[in-house]
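A, B, ... follow the sequence lines: proteins, then strands. Residue 1 opens every chain. Hydrogens, waters and symmetry mates play no part in the numbers below; they use all other heavy atoms, side chains included. This structure is a prediction, so every number in the text was calculated from the model and none was measured.
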Number of protein chains: 2
Amino acid sequence: MVQIPKPPAPEPPAPRSVPTSADVARLAGVSRATVSYVLNNTSAVRISEPTRRRVHDAARELGYVPHAAARSLRAGHSRTVLMPAPSFPAGPLYSRFLDELMGALGRLEYTVVQYGSVGLRGDEAARAWAELRPVAVLVPGSGPGPQGVEILKRAGARAVVTLGHEAVDGAHALLMDHAIVGHSAVRHLHDRGRRRIGVVVPVEDGLKVFSAPRLAGARRAVRDTDATVTELPLAYDERAAARLAARWDSLGLDAVFAYNDEYAMLLMRALQDEGVRVPADTAVIGADDLMLGRLLRPRLSTVHLELPSGRDLAALVDRAVHDPGAAPERHEVLGAAVVHRESS
Amino acid sequence: MVQIPKPPAPEPPAPRSVPTSADVARLAGVSRATVSYVLNNTSAVRISEPTRRRVHDAARELGYVPHAAARSLRAGHSRTVLMPAPSFPAGPLYSRFLDELMGALGRLEYTVVQYGSVGLRGDEAARAWAELRPVAVLVPGSGPGPQGVEILKRAGARAVVTLGHEAVDGAHALLMDHAIVGHSAVRHLHDRGRRRIGVVVPVEDGLKVFSAPRLAGARRAVRDTDATVTELPLAYDERAAARLAARWDSLGLDAVFAYNDEYAMLLMRALQDEGVRVPADTAVIGADDLMLGRLLRPRLSTVHLELPSGRDLAALVDRAVHDPGAAPERHEVLGAAVVHRESS
DNA sequence: TTGAAAGCGGTACCAT
DNA sequence: ATGGTACCGCTTTCAA
C-alpha cells in the first residue's frame, strides 16, 4: 500500500495554549504586575490611561481569562460556597428554595458550587469537599458527622451549615423537623373528630428522612388521646395503592395522612375507585400544598410548608463567614399550617 | 464604667492555619516530595514502609487535605465538568436526568460542579465559567453564543456540549427539539378525528423555550390538512383556567393539547367544572407522562418523553475530552411517544 | 530511597 | 507610573 505523504500543514494549527497574564504583559509591552493592576482596577496604584488601554486591548485580543485556582491560591481564600447535591429527589418546593438561595448568595458575591458527591460517604465526602477549600459549606439532608465538620473547618471553611433534621456539633443548623408536619396533619384530623388514623409511609428509601419524622409527629399528636395511628407502607405506584385500598375496610380507618399531596392523590384515587367515600368514610390530608391538591375533587386538605427564605439563609452564611468564631446558630425553620379544604 | 481587664487567654486559641504538605513533611521528618509520593501512591518511586507509615500518621494527625487548586494549577488541568444551573424550573423528568448524569460522570472520575450563574448573561457567564478552567462544559437550555464557546475553548475546555433546542458553532449538541412533542400530540388528536385543536401556551416566561417549539410542532402537524390550531395562552392558576373554560364554547374547539400533564390537569378540571365533557366534547392530551395523568378521570392521554440517558451523555463528554479535535457531534435525542388513555 | 528546586498563574510588596 | 520578585501549595524532574 502506498503511503500518502502528508503535505506539510500550511500553518500548523498551533494548539494555542491558554493565555496567561504573562502573555498579556508581553503583548502589551508591560510587566505582569501592571497587567494585574489594570485588570483588577487596583486602587492603591495609579496606571496611566494609555497603558490601561494597551493592557485591555491585549487581554481582549488574546481572549485572556484569569485562572481562578491561581488567584485563590495566592489570595489564600476563595468565595466559594460549596453545596453537595442533595441525596433525595428534590421536589418543586425544595428546588425553588435552592434557586432562591443560589440567587441570594450570588448577590453577596459568593460563587455557589453544587458538588456532585457520588458514592462518597461520611468523612470521605467531607474530605473531597475540603479539597476545594470552600469558604462555607452548606449541607442539605443528613450531613457529615462532627468529624466531617472538623475536617472542613481545618481546611479553612469558615462556616458549615447543615440544613435538615438534626444538628451537628460545631456546625450551624437550620433545623427542619418534619415531625411538625405529621403532627399538624394528625391533630387536624383528630380535631375533626377522627380517631382511627392511618399514616402513609413511602417505601422509597430516599424519602425516609422525611417520612420517619412525619410519622413520629403523627404519633405524638395522638399520644394521651383515645385515637390511634396506623403505619401504612406504600409505594408510589398505582397497583400498590389499589392493593392498599382493597383492604381498606379491614383496616377500619376513618382518616389518613398521606405523607404528601402526591401520595394523597394516589391513595385518594385508589380509595374512590374502591368505593370509599372521601371524606365521609375516610378523611384524607396531604402535605406540601401543591397546586394539584386544589384540582382534586374533593379538594385536598393539606399541610402548607414554610421553608426559610433563601435570602435569610444566605445572610446567615454571610454572617458566619464574617465571624467564624461565633457560637453555632440553631434555628427551627420549618413552618407548617393546615390548609383545610374538602377532603377532611 | 469599669473596664474589665481581659485575663490573658490561657492558651491563645491559636488560629491553627490550614495544614499543608510542608507541615506533614516536617512532622514526619521527611521532605515535601516524599509526602507527595506517599500520599499519591506514586508508582514510579519506591518509598520504604516505615516512611510511608510516618507520613500517613502525620497527615492523619494534622487532618491534612490536599489543596485542589494548587494541585490542578501544577498539573495544568483538572477533571472538573462545569454545568451552569439551568435557567428554567427543573421538572421531575429533568431532575432525574441530571442525577443520572452526575452519577455517570462521577463514575468516570469527573468532578461535576453546578455553577450558580446569577444574572450573568452571554459572554460574561462564559468568562466566569472559564475562570474555573473546566475540562468540559455542559450547558442546558439556551447556551452561550459561538463567542462564548470560543472563550471556553481558549480557556482550555476540551469539550463544550449544549443540551437544548439549538446547536452552537464549535460545540457538541444534544438537540431536544420539543416540536416533536407538539407534533405527536396534535397528530394524535387529528388521527382521532379532531379538527379544531387548541394548544395551551403557558404564559410563564421560563417555559417559552419549551412552549414555543411545542406550538410550532403542533402547527406543523396540521399543515396541509383541514384542521386548525388555536393558541391558548394560560397561566398556571385556577382562575385563569376557569376564565378560559368559561369561554370554551365560544372557541368551538373539539380537542386541546395542554402543553404538559400539569397544565392538562388544570385545564381538564376547569373544563369539567364548566360542564364540558372529556373526551366527548373535547379531547385532552398532555405531555411528560407524569404519574398524575394516570390518576385523573378520565385517565389522561399524554406524550411520553424520552430523554437521553445520563450514561450516554457522560460517555459523549468523555469521548470529546479525549479527542478534542473531533468534529462536533450533533444528536437529536428527544423521543416522543403518544400514550393513549381515556381523555382523547 | 530521599531531597533540593523549579515552576504552574496570579498578586502585592518594595524599589525605581 | 511601572517593574522586579517573592510567594501561595503542590508535583515532578534530577541528583545524591
(Q) Under 4.0 Å between a side-chain nitrogen and a carboxylate oxygen: does that hold for B/Arg53 and B/Glu49? (A) no
Q: Provide, to the nearest angstrom, the distance between the CZ atom belonging to A/Arg26 and the C1' atom belonging to D/dG3.
A: 15 Å
**Q.** Any donor-acceptor N/O pair, A/Arg54 side chain to A/Ala28 backbone, under 3.5 Å
**A.** yes
Q: Identify whether any heavy atom of A/Val65 sits under 4.0 Å from a base atom; if not, whether one sits that close to sugar-phosphate; answer base, sugar-phosphate or nothing.
A: sugar-phosphate
(Q) If you assign B/Ala75 and A/Ala75 each to the DNA chain D nucleotide with the nearest heavy atom, which residue ends up on the more 5' nucleotide? (A) A/Ala75
(Q) Strictly below 4.0 Å: does B/Ser48 bring a side-chain N or O up to OP1 or OP2 of C/dT2? (A) yes
Q) Between atom CZ in A/Arg46 and atom P in D/dA1, what is the gap in whole Å? A) 7 Å
Q: Report the distance from atom CD of A/Glu49 to atom P of D/dT2, rounded to the nearest whole Å.
A: 10 Å
Q) With no hydrogens and no angle check, is any side-chain donor or acceptor of B/Arg154 less than 3.5 Å from a backbone partner on A/Leu62? A) yes
Q) Within the side chain of A/Ser72, is there an N or O that forms a donor-acceptor pair under 3.5 Å with the backbone of A/Ala75? A) no
Q) In whole angstrom, what separates B/His67's NE2 from D/dC7's P? A) 18 Å
Q. Is B/Arg96 paired with B/Asp99 through a side-chain N to carboxylate O contact shorter than 4.0 Å?
A. no
Q. What nucleic acid atoms does A/Arg74 come within less than 4.0 Å of, heavy atoms only: base, sugar-phosphate, or nothing?
A. base
Q) In Å and rounded to the nearest 0.5 Å, what is the CD1 to CD distance from A/Ile151 to A/Glu124? A) 10.0 Å
Q. How many Å lie between CD on B/Glu131 and P on C/dG9, as a whole number?
A. 15 Å
**Q.** Interatomic distance, A/Leu73 CG vs C/dA12 P [rounded to whole Å]
**A.** 13 Å
(Q) Within the 4.0 Å heavy-atom criterion, would you say B/Arg133 contacts the bases, only the backbone, or no part of the nucleic acid? (A) sugar-phosphate
Q) Tell me: CZ of B/Arg71 to C1' of C/dG9, nearest whole Å? A) 18 Å
Q) Hey, does the side chain of B/Arg107 reach the backbone of B/Arg311 with a donor-acceptor pair shorter than 3.5 angstrom? A) no
Q) Which of residues 29-42 of chain B have a heavy atom under 4.0 Å from DNA chain D? A) B/Arg32, B/Ala33, B/Ser36, B/Tyr37, B/Asn40
Q. Base, sugar-phosphate alone, or nothing: which one does B/Thr51 contact when heavy atoms must sit under 4.0 Å apart?
A. sugar-phosphate
